[in-house]
Amino acid sequence: MTGLLVLVGALIATALVALVKARYDGRFRRTSHTGEVNDDVERIDAARLGQALGERATLVQFSSAFCAPCRATRVVLNQVADAVDGVTAIDIDAEAHLDLVRELNILRTPTVLVLDASGRVIRRASGVPRRDQMLAALAEMSQ
Amino acid sequence: MSRPSQVDPRGPRVAAALTSLVLALAIVVPPPAREFLLVLQGAVFAVGAFVSVAATPYAVFFRGVVRPRLAPPTDLEDARPPQFAQLVGLIFVVVALAGFLTGLDALGYGAAAAALVAALLNAVTGFCLGCELYLTSRRLAKSLA
């Protein structure tokens with residue numbers, strides 16, 4: 001009897017996780033909840049990324065070896081960077097940048113950050129973003 | 001650097017479905033069948049984690065029975081994420097067994113249910129919870145070091 005209840009509970013939990021994931025994966029959120037941007041914490045410069053920032057925006061993807069959806073994410077980001085002027089895509093190996101991972105509280109791979117021209121983190125999403133979600137995040141940013 | 005081995009991504013999904021079935025059965029049947037099924041699933045996880053994902057009986061079933069009926073894969077996937085996930089699964093099954101064998105049924109059910117949720121999510125949505133834990137484990141390892 002207990003086993004049956006546990007089984008039903010596990011099935012409900014699975015359905016809930018799947019629903020939450022479908023809703024939030026790839027969605028870009030604003031990173032400053034208070035409206036104030038904390039410049040010290042949420043700014044990443046070119047030196048730490050090891051690459052130059054984009055003129056308008058930079059898409060930073062955190063990847064790891066144990067991450068199947070990272071490849072699909074990389075394809076989307078590169079397509080968007082090719083299609084939109086002044087946008088650069090950078091792929092970061094999370095394991096090789098654990099300090100940055102901790103500082104930015106990256107919990108999952110892939111996580112995508114959108115930086116403005118000065119390197120401030122404006123948006124972030126975890127999971128694979130769709131091309132239209134990525135483009136919309138960039139469009140919102142330039143308003 | 002040697003090229004990492006690749007797997008047909010549908011293989012781990014089929015394996016996850018079979019894993020879910022075994023774990024769901026383990027949760028509902030009475031002892032000692034419960035412990036027997038957990039040992040069985042633990043052994044499969046151990047082969048996947050320490051030998052290779054392709055060596056597990058579930059992968060053999062996929063190659064022999066399922067794949068001949070499917071179109072060729074559109075792309076292959078790195079074998080390391082599913083292999084790491086097998087290790088995570090093994091840890092949960094060992095904890096579940098330890099719980100049941102020492103009379104801590106709540107621990108046994110909790111760990112078995114967690115493993116079932118992870119396997120079922122993988123089977124149904126293709127989302128690999130064990131793989132996501134890799135980065136978390138590296139962060140923990142670094143902060144403990």
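By convention in this document, chain letters (A, B, ...) are assigned in the order of the sequence lines, proteins followed by strands, and residues within each chain are numbered from 1.
- Residues of residues 10-24 of chain A lying under 4.5 angstrom from chain B, judged on non-hydrogen atoms, are A/A10, A/L11, A/A13, A/T14, A/V17, A/A18, A/K21 by number.
- A cation-pi arrangement is present between B/R34 and B/F100 under the rule of less than 6.0 angstrom and at most 45 degrees off the ring axis.
- Formation of a donor-acceptor pair under 3.5 Å by the B/Q83 side chain with backbone atoms of B/A49 is found in this model.
- Enclosure of atom CZ in B/F62 by more than 12 non-hydrogen atoms of other residues, nucleotides or ligands within 6.0 angstrom is indicated.
- At a threshold of 4.5 Å between non-hydrogen side-chain atoms, the residues A/L49 and A/V60 count as touching.
- Contacts from residues 85-95 of chain A to chain B, taken as heavy-atom pairs separated by less than 4.5 Å, involve A/A94, A/E95 in sequence order.
- No donor-acceptor pair closer than 3.5 Å links the side chain of B/T125 to the backbone N or O of B/N122.
- Using a 4.5 Å cut-off on side-chain heavy atoms (C-beta onward), A/L107 and B/T136 make no contact.
- A donor-acceptor contact closer than 3.5 angstrom links the side chains of A/S118 and A/R43.
- Only the side chain of B/L135 comes within contact range of chain A, judged by heavy atoms closer than 4.5 Å.
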Trace of the salt bridge (Lys or Arg N to Asp or Glu O under 4.0 Å) decision for A/E140 with A/R123: CA-CA 10 Å; A/E140 274 172 30; A/R123 295 279 190 283; 2.7 Å; yes

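- Between A/P110 and A/Q61 the shortest heavy-atom distance is CB-NE2, 4.1 Å.
- Residues A/E103 and A/R48 are paired through a salt bridge, judged by an N-O separation under 4.0 Å between the basic side chain and the carboxylate.
- Neither the backbone nor the side chain of A/L5 comes within contact range of chain B; no heavy atom of the residue lies under 4.5 Å from a heavy atom of that chain.
- When the candidates B/L116, B/L121, B/V124, B/L23 are compared by the number of heavy-atom contacts under 4.5 Å with chain A, B/L121 comes out ahead.
- Residues A/F62 and A/V75 fall into different hydrophobic clusters, defined by Ile, Leu, Val, Met, Phe, Trp and Tyr side chains chained together at heavy-atom separations under 4.5 Å.
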